[in-house]
Amino acid sequence: MNDHIINYLLIIAIIIIILLAVRLLILRREIAQISNNLRDLRRQGIAGKLTVSLLHRPLNLLCQEVNLGLDDLTNARIDAERREEMLRTQIANISHDLRTPLTSMIGYLQMARTNPENYPAYWEIIENRAHAMQMLVEQFYELSLLEAQD
């Protein structure tokens with residue numbers, strides 16, 4: 001009778017070992033699937049989500065958290081691209097605002113050179129344009145300081 005109990009216990013132990021081995025193999029396969037999916041996402045520039053069908057609840061929760069992190073990264077990248085575009089637009093606007101008085105100043109300098117009798121009037125206009133340009137540069141500097149603090 002002891003031999004029968006030992007045989008049953010041995011069979012039960014073997015079944016448990018087989019079930020645990022199968023479970024371990026399934027977990028290893030799921031982890032490999034997650035790893036491959038993450039590698040694919042990294043190659044795509046993290047523009048997607050993990051799409052896995054897992055049998056293990058903690059791994060499913062882990063994938064959900066990774067997907068939330070990927071969403072945050074995607075949103076941060078979109079926000080950075082939007083800010084970069086806004087910065088390019090602001091720089092273009094500032095460049096235009098600085099070029100306008102500078103072009104005017106150069107024109108009046110050329111006119112003063114060709115019409116020396118009107119030099120004092122041209123000089124006053126040039127001086128006014130130079131002050132306007134100085135104010136624009138100072139405003140640009142203040143804006144850049146405020147942006148740097150943000």
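Residues: numbered from 1 along the sequence shown. No experiment lies behind these values; they were computed from the predicted model shown.
Between N93 and T89, some side-chain heavy-atom pair lies under the 4.5 Å cut-off.
Proximity of a side-chain donor or acceptor of T74 to a complementary backbone N or O of L70 within less than 3.5 Å is detected.
By the neighbour-count criterion of 12 heavy atoms within 6.0 Å, atom CD of Q90 is densely surrounded, having more than that number from other residues, nucleotides or ligands. Within a 6.0 Å radius of CZ in R28, no more than 12 heavy atoms belonging to other residues, nucleotides or ligands are found.
By the criterion of side-chain heavy atoms lying less than 4.5 angstrom apart, applied directly or through intervening Ile, Leu, Val, Met, Phe, Trp or Tyr residues, I125 is grouped together with L109 in one hydrophobic cluster. Following chains of ILVMFWY side-chain contacts shorter than 4.5 Å, one can reach I106 starting from M133, so the two form part of one hydrophobic cluster.
Here D3 contributes atom CG and L10 contributes atom CG; the two are 11.5 Å apart, rounded to the nearest 0.5 Å. Annotation: the span from N2 atom CG to L9 atom CG amounts to 10.0 Å, rounded to 0.5 Å. If you take CD1 on I31 and CD1 on I26, they are separated by 12.0 Å, rounding to the nearest 0.5 Å. With values rounded to the nearest 0.5 angstrom, I15 atom CD1 is found 7.5 Å from L19 atom CG. Annotation: the span from L38 atom CG to Q33 atom CD amounts to 11.0 Å, rounded to 0.5 Å.
Applying the side chain to side chain donor-acceptor pair (under 3.5 Å) criterion to E84, with sequence neighbours excluded, gives R88.
I12 shares a hydrophobic cluster with I16, L20; the chain of contacts runs through ILVMFWY side chains whose heavy atoms sit under 4.5 Å apart.
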Next item on the list: Let me see the working for L102 and R99 under side chain to side chain contact (heavy atoms under 4.5 Å, CB included), right down to the final yes or no.
Entry: CA-CA 5 Å; L102 185 59; R99 267 192 317 218; 5.5 Å; no
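A side-chain hydrogen bond (donor to acceptor under 3.5 Å, both in side chains) check over residues 100-110, counting only residues at least two apart or in different chains, returns the pairs S104-R129.
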